[in-house]
Each structure stands twice: as C-alpha cells, then as structure tokens.
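Only heavy atoms go into these numbers, but all of them, side chains included; no hydrogens, no water, no symmetry mates.
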Amino acid sequence: IRTHLEDLNSGNYAGAFKLMTSTYRSQNPSWLSARSAADPGVNIISIGAPLYGSASANVAVDFFARDRHPSPGSDTQCREFQGTVHLVKQSGAWRYDPTGDNLTATVSNGNIHCPS
C-alpha cells in the first residue's frame with residue numbers, strides 16, 4: 001500500500017496500477033489515463049500492520065490526497081482518507097483491491113498535510 005500511494009504521488013501511475021489486483025485492472029482500463037490527467041498528490045500519515053485473513057488482508061491507513069488538475073472524475077479538494085484498505089494474494093504476491101476498502105474521506109482544504 002505504501003508503494004502504491006508513493007507511486008501515485010510521484011507520477012508512477014503504471015507502477016501503482018501494477019500493484020492492484022488483476023480483476024480491478026481489467027475492470028478499470030482507463031485508470032492509468034485518468035490518474036495521469038488528474039495528477040494526484042498523496043501525503044501518507046500512517047500505514048498500520050496488516051490484519052491477515054485467508055488470502056486477504058486489511059491495512060489501516062491515514063493519508064491526505066487531492067488531484068492537482070481538474071479532469072473528468074477528479075477531485076481537486078484535499079481530503080483526509082482514514083480507515084482500511086483491502087489486499088488479496090494473487091500468484092504469491094499481495095495486490096491492492098480498492099473494491100474492498102472501508103475508507104472515510106473528509107474534506108480538509110487548508111490542512112498542513114494537504115499535498116501541493
């Protein structure tokens with residue numbers, strides 16, 4: 001999860017996309033172009049230890065994010081995301097599955113942790 005968020009922040013959208021489940025990638029073929037157009041900024045506050053289940057895990061996270069450029073489906077307001085993200089094990093590697101997330105997003109414009 002840390003690498004996925006860091007890749008998003010640094011503009012390595014292909015790297016971030018590869019860390020997602022194959023199912024999510026196949027169901028969201030425009031994800032790369034949408035992220036590229038929006039150019040998200042991410043500031044990680046904390047990432048907890050995984051809670052493992054059978055071939056899945058949930059990880060507590062707290063981070064701030066906002067899209068730097070308005071584009072279809074983007075959000076240029078800074079938001080703090082808190083809760084858990086979902087991972088599944090595929091072919092021996094952990095992959096991020098956004099469909100299993102349990103996150104709240106609170107608008108936090110002006111917060112010192114908002115990415116520029």
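At distances below 3.5 Å, not a single donor-acceptor pair connects side-chain atoms of Thr23 with backbone N or O atoms of Thr21. Side-chain atoms of Asn9 never come within 3.5 Å of backbone atoms of Leu5 as a donor-acceptor pair (strictly under, hydrogens ignored). The main-chain N or O of Ser71 is found under 3.5 Å from a side-chain atom of Ser74 such that the two form a donor-acceptor pair.
Residues Ile44 and Glu6 meet the side-chain proximity criterion, which asks for heavy atoms closer than 4.5 Å. Counting heavy atoms from C-beta on, the side chains of Thr3 and Leu19 come closer than 4.5 Å.
Atom CG of residue Asn109 and atom SG of residue Cys114 lie 6.0 Å apart, to the nearest 0.5 angstrom. One finds the CD atom of Gln82 at 12.0 Å from the CG atom of Asn102 (value rounded to the nearest 0.5 Å). Separation of atoms CG (Leu32) and CZ (Arg25) is listed at 10.0 Å; rounding is to 0.5 Å. From Ile1, atom CD1 reaches atom CG of Leu87 across 4.5 Å, with rounding to the nearest 0.5 Å. Here CG of Leu8 is found 7.5 Å from CZ of Arg35. Values are rounded to the nearest 0.5 Å. The distance from atom CZ of Phe64 to atom NE2 of His113, rounded to the nearest 0.5 Å, is 5.5 Å.
Across every non-hydrogen atom of Trp31 and Tyr13, the tightest pair is CZ3-O, 3.5 Å. Closest non-hydrogen pair, Arg79 versus Ala105, comes out as CD-CB, 4.1 Å. What you find for Pro98 and Met20 is that their closest heavy atoms are CG-CE, 3.4 Å. Arg66 and Thr76 make their closest contact through CD-O, 3.7 Å (heavy atoms, listed as atom of the first residue, atom of the second, distance). Here the closest heavy-atom approach between residue Tyr52 and residue Ala57 is recorded as CD2-CB, 3.8 Å. Across all their heavy atoms, Arg95 and Gln90 have their closest contact at CG-OE1, 3.7 Å.
Phe81 and Phe63 have parallel rings, their planes meeting at less than 30° on a 0 to 90° scale where 60° marks the start of perpendicular.
Leu103 and Val88 are members of different hydrophobic clusters when ILVMFWY side chains are connected at heavy-atom separations under 4.5 Å.
Tyr96 and Asp101 form a side-chain donor-acceptor contact under 3.5 Å, judged by distance and modelled atom types alone.
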Check against side chain to side chain contact (heavy atoms under 4.5 Å, CB included), Asp67 and Asp39
CA-CA 6 Å; Asp67 292 336; Asp39 188 24; over 6 Å; no
Test side chain to side chain donor-acceptor pair (under 3.5 Å) applied to Ser10 and Asn12, step by step:
CA-CA 6 Å; Ser10 70; Asn12 182 7; 5.4 Å; no
